Amino acid sequence: MEQEKMNTTDKISMDDLVALCKRRGFIFPASEIYGGINGFWDFGPLGILLKNNLRDRWWNDMVITPPIGPNGEPLKIVGLDSSIIQNPKVWEASGHVGGFSDPMVDCRETKKRYRADHLIVYLPNELEQENQDQSILVFVEGTPKQEIEKKIKKLKLSLSLSQCECIPLTDLDKYGYTEDYGLWLLRPNGTKKVDRSRLVAPDVKKPDTLTEARQFNLMFESSAGAVKDAASKVYLRPETAQGCFTNYKNIVDNMRVRVPFGIAQIGKAFRNEVTPRNFIYRSREFEQMEMEWFCHPDEARLWFDFWKDERKKWWEAVGVSTENLQLRQHDQDELSHYAKAGVGTVDIEYRFPFTWPGFGELEGVAHRCDFDLIQHEKHSGKKMEYFDDSVQPPRRFLPHVIEPAAGLTRGVLALLAEAYTADPSRPSKMYLKFNPSIAPVKAAVLPLVNKNGLPEIAQKLYYSMRTKFMTEYDAKSNIGKRYARHDEIGTPFCITVDNDTPKDQAVTIRFRDTMAQERVALDKVEGFVQKALKE
RNA sequence: GCGGGUGUAGCUCAAUGGUAGAGCGCUAGCCUUCCAAGCUAGUUAUGCGGGUUCGAUUCCCGUCACCCGCUCCA
């Protein structure tokens, strides 16, 4: 394929991006002087400016000035900052304790790893009496019938698929054989368990290559209080959403909100990922921007469609190009436990360099139904029903929840990847093409030379501008190096005070993307930049 | 967790079983009217831990981190 010119859809090198992030103070490996720690990253001086800009923009667009709804009126969304550590019962109710540490098994032969509930054991209704070593085949869920029969033939087993019980590996111990080798569906006390060493893994000819199922605990644990025992065990939250549900009743009772309304929260969440990968994309400590939208069950579809469109538009508004974004509907089998019964889940995906030419999740918009409120009703014993007397006749119901849940950390990565623009023609060979509104540094004030009264004029301008937006003053080294540095950190406007300035009271504004310069009166500069930031 | 790769200064790269070099950057100063110019001085490194050896950055073992593939991702 011929590539005529660089454009926003060109793949960039992750190595280059990671190197730039370190060199220019965006993102560092956590505790690097001690050799780092897998899955954790620190935001440097410029990284935190960028992250805060994205975070504040979300907060502003959700909580301060929420979107206009389908009926033409502004939506109501209130903010929240719940504790990272909650009563552990919260996570029992949410299903995070227990349900989500999927048991995994490894195959010693092929080195493959499987989710135990995705492996299907083909248990013969009767084992061959004369052959107590008979193998029992195991296949990945969804393996075509022909393939299974092929393997039976190959291994010369006298086995008929129609006389097999297909059960997930996780349920194996519920089954057993009697002395005459008839299969019991549910194993009564005293019968023999199925011998695991007879299992033949997928892609393997001999039995007994699968390891015992291992639990992966995806929640971080800690202890509250000085004494560490079972009763003091607490968890670091794996999502911010639950705080919105546990405070739902407080907010409905006290904040004069009426369904539909939203509760928004930004904060750290922690997941003990099996394999942290791809820079800050999958890290064990990360930041979420989640909004739980409570609505009548009949309106769930409407709000789901509203939020998925609204959220995609938002990413475009902060500078992510349309061609690098896509909406992807989840298949039925990848839906989360809470979304199974709902209208579905849509991911807003970004074309990250490491998913290229594919896409990776940036935000998920999910219909969580009333799963969470039901769970918290059950576990806490507190009523969560909403009483709506704005309609005739008045009605009681448990609201359904539409949840746009965005990754702030992933958002920062997407903005960096999106902004990274190669340009061999400039000294820096690249620049960060941030949308000016989220650029870490909005403007740099630069005296062309550090004498002739230019620093005095430049400083006066700087002192004024710094009160309005993030501005840097830099008088060191020659002007070309300063332009190059600001290209690398994505400063959209460089304002240079030159030797004509004392005479004409004007400066040049140098535009990052075009390197073009425009002469602007000193007293118009601030307004000029401010106007550009709003566009 | 498995397999493969990588690890020397902030960055890019060199070298060696015996004092670890360069360019760029960075800091200070000089000079300079617009895109990493020039001059002077300074700054910084063998991921970590063992072993072999008189001596290890180099050879061996382990470990950690990062990258690629598999696996996983509520």
Side-chain angles (χ1 to χ4, degrees), chain A residues 13-16 18-20 22-25 28-41 91 94-115 118 140 211 214 216 218-219 238-239 241-242 269 271-279 281-284 286 330 334-340 345 347 354 360-361 364 366 368 371 405 407 423 425-429 431 446-452 454 476-488 494-503 507-510 512 515-517 519:
Chain A
S13 144
M14 261 328 263
D15 286 347
D16 291 347
V18 172
L20 176 81
K22 184 176 175 190
R23 188 156 48 88
R24 286 307 183 190
F28 306 123
S31 41
E32 191 186 15
I33 59 171
Y34 292 103
I37 178 167
N38 188 234
F40 299 89
W41 299 86
W91 309 113
S94 71
H96 288 87
V97 176
F100 301 107
S101 44
D102 297 318
M104 310 290 300
V105 292
D106 290 323
C107 176
R108 280 183 286 259
E109 186 75 12
T110 62
K111 307 295 183 197
K112 283 186 181 167
R113 167 174 292 175
Y114 306 94
R115 268 175 65 166
H118 284 180
V140 178
T211 63
R214 263 178 309 189
F216 280 74
L218 292 179
M219 272 198 294
E239 62 174 19
Q242 291 306 321
R271 292 179 193 176
N272 209 351
E273 296 288 356
V274 179
T275 316
R277 274 289 166 89
N278 295 323
F279 200 27
Y281 180 77
R282 177 172 301 131
S283 47
R284 290 180 166 145
F286 57 99
H330 278 211
E334 63 176 314
L335 286 176
S336 327
H337 60 290
Y338 52 71
K340 287 232 158 57
T345 296
D347 279 348
F354 45 81
E361 182 186 357
R368 291 184 80 125
F371 177 87
D423 183 354
S425 73
R426 29 180 111 194
S428 55
K429 308 294 180 210
Y431 61 105
L446 316 170
L448 183 59
V449 292
N450 205 10
K451 60 176 188 181
N452 302 346
L454 305 191
K476 288 171 189 164
S477 76
N478 71 61
I479 192 70
K481 290 186 185 181
R482 284 177 277 167
Y483 285 155
R485 172 170 175 270
H486 283 286
D487 275 350
E488 282 196 324
C494 285
I495 293 139
T496 304
V497 175
D498 61 27
N499 285 317
D500 291 335
T501 306
K503 288 169 253 167
V507 295
T508 58
I509 296 184
R510 183 254 193 195
R512 175 196 63 199
M515 295 194 286
Q517 293 183 355
R519 200 152 188 93

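If you're wondering where the values come from, they're calculated on a predicted model, not measured in any experiment. Letters A, B, ... mirror the listed sequences (proteins, then strands); counts begin at 1. No hydrogens, no waters, no symmetry mates; every other heavy atom, side chains included, goes into these values.
- We find that NZ of A/K476 is positioned 14 Å from C1' of B/G25, with the value rounded to whole Å.
- Between B/U58 and B/U71, the distance separating the two P atoms is 36 Å to the nearest Å.
- Within 4.0 Å (heavy atoms only), A/R277 reaches at least one base atom of the nucleic acid.
- The base of B/C35 is paired with the side chain of A/R510 by a donor and an acceptor separated by under 3.5 Å.
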For this session: Begin with the C-alpha distance, continue with both residues' side-chain angles, and end with the deciding distance and a verdict on side chain to side chain contact (heavy atoms under 4.5 Å, CB included) for A/R24 and A/R485.
Result: CA-CA 9 Å; A/R24 286 307 183 190; A/R485 172 170 175 270; 3.8 Å; yes

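- Here the nucleotide nearest the side chain of A/N38, chosen from B/C66, B/C70, B/U32, is B/C66.
- Relative to the ring axis of A/Y431, A/R512 does not place its NZ or CZ within 45° and under 6.0 Å from the centre.
- Between B/G3, B/A74, B/U27, one nucleotide has an atom nearer to the side chain of A/M219 than all others, and that is B/A74.
- Rounded to whole angstrom, the span from the CG atom of A/L454 across to the P atom of B/C34 amounts to 12 Å.
- Atom name P, nucleotides B/G23 and B/A14: the rounded distance is 16 Å, in whole Å.
- Side-chain nitrogen and oxygen atoms of A/N450 include none within less than 4.0 Å of the OP1 or OP2 phosphate oxygen of B/C30.
- One N or O donor and one acceptor, one from the side chain of A/Q517 and one from the base of B/C34, sit under 3.5 Å apart.
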For this session: Would you check, one step at a time, whether the test side chain to side chain contact (heavy atoms under 4.5 Å, CB included) holds for A/D500 with A/R519?
Result: CA-CA 11 Å; A/D500 291 335; A/R519 200 152 188 93; 3.4 Å; yes

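- Annotation: side chain of A/M14 is not in contact with side chain of A/N278 (no heavy-atom distance under 4.5 Å).
- Contact record, A/P238 with A/R271: O-NE, 2.9 Å, taken as the closest heavy-atom pair.
- Donor-acceptor pairing under 3.5 Å, judged by distance alone, is absent between the side chain of A/R485 and the base of B/G25.
- Between A/R284 and A/F40 the shortest heavy-atom distance is CB-CZ, 3.6 Å.
- Rounding to whole angstrom units, CZ of residue A/F354 and P of B/G69 are separated by 11 Å.
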Close N/O contacts between protein and nucleotides 37-41 of chain B (under 3.5 Å):
residue : atom : partner : partner atom : Å
B/A37   : OP2  : A/N478  : ND2          : 2.4
B/A37   : OP2  : A/K481  : NZ           : 3.2
B/A37   : N7   : A/N478  : ND2          : 3.2

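- Remark: P of B/G10 and CD of A/E32 are 9 Å apart, rounded to the nearest angstrom.
- Using a 4.5 Å heavy-atom cutoff, the side chains of A/L454 and A/P502 are in contact.
- Candidate nucleotides B/C70, B/C35, B/C67 were compared by shortest atom distance to the side chain of A/I479, and B/C35 ranks first.
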Exercise. RNA chain B in dot-bracket, Watson-Crick or G-U pairs under 3.5 Å, [ ] crossing, | other strand?
Worked result: (((((((..((((....[..))))((((((.......))))))...(((((..]....))))))))))))....

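- Atom CZ in A/R271 sits roughly 17 Å away from atom P in B/C72 (whole-Å rounding).
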For this session: Decide yes or no on side chain to side chain contact (heavy atoms under 4.5 Å, CB included) for A/E488 and A/L20, but give the supporting numbers first.
Result: CA-CA 8 Å; A/E488 282 196 324; A/L20 176 81; 4.2 Å; yes

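- Nearest to the side chain of A/E488, among B/C67, B/A36, B/A74, sits B/A36.
- At a threshold of 4.5 Å between non-hydrogen side-chain atoms, the residues A/S428 and A/H486 do not count as touching.
- When heavy atoms are screened at a 4.0 angstrom cut-off, A/P29 is found touching no nucleic acid atom at all.
- Distance noted for atom C1' between B/U43 and B/C59: 33 Å (whole Å).
- A gap of 25 Å separates the C1' atoms of B/U40 and B/C35, to the nearest Å.
- With rounding to the nearest 0.5 Å, the separation of CG in A/N38 from OG1 in A/T275 is 8.5 Å.
- Within 3.5 Å, no donor on the side chain of A/Y34 pairs with an acceptor on the base of B/C64, nor the reverse.
- Rounded to an integer number of Å, the gap from A/D500 CG to B/C34 P is 11 Å.
- Closest to the side chain of A/L448, from the set B/A74, B/U33, B/C35, is B/U33.
- When side chains are defined from C-beta on, A/Y281 counts as touching A/E361, because their heavy atoms get closer than 4.5 Å.
- B/C34 atom P lies 12 Å from atom CG of A/N452, rounded to whole Å.
- As rounded to the nearest Å, B/U44 and B/U27 have P atoms that lie 15 Å from one another.
- Here the nucleotide nearest the side chain of A/W41, chosen from B/U27, B/A36, B/C66, is B/C66.
- Across the P atoms, B/U12 and B/C67 are found 15 Å apart, a figure rounded to whole Å.
- Base engagement by A/T508 is indicated by at least one non-hydrogen atom pair under 4.0 Å involving a base atom.
- Distance A/Y483 OH to B/U32 P: 19 Å, rounded to the nearest Å.
- B/G10 and B/G42 have their C1' atoms separated by 16 Å, with the value rounded to a whole Å.
- The residue A/R368 sits apart from the nucleic acid: no heavy atom pair falls under 4.0 Å.
- Taking 4.0 angstrom as the limit, A/K22 places none of its side-chain polar atoms (N or O) nearer than this to OP1 or OP2 of B/G10.
- Taking atom C1' in both B/A15 and B/A56, one finds a spacing of 15 Å when rounded to whole Å.
- Of all the heavy atoms in A/C494 and A/Y483, the pair that sits closest is CB-CE2, 3.6 Å.
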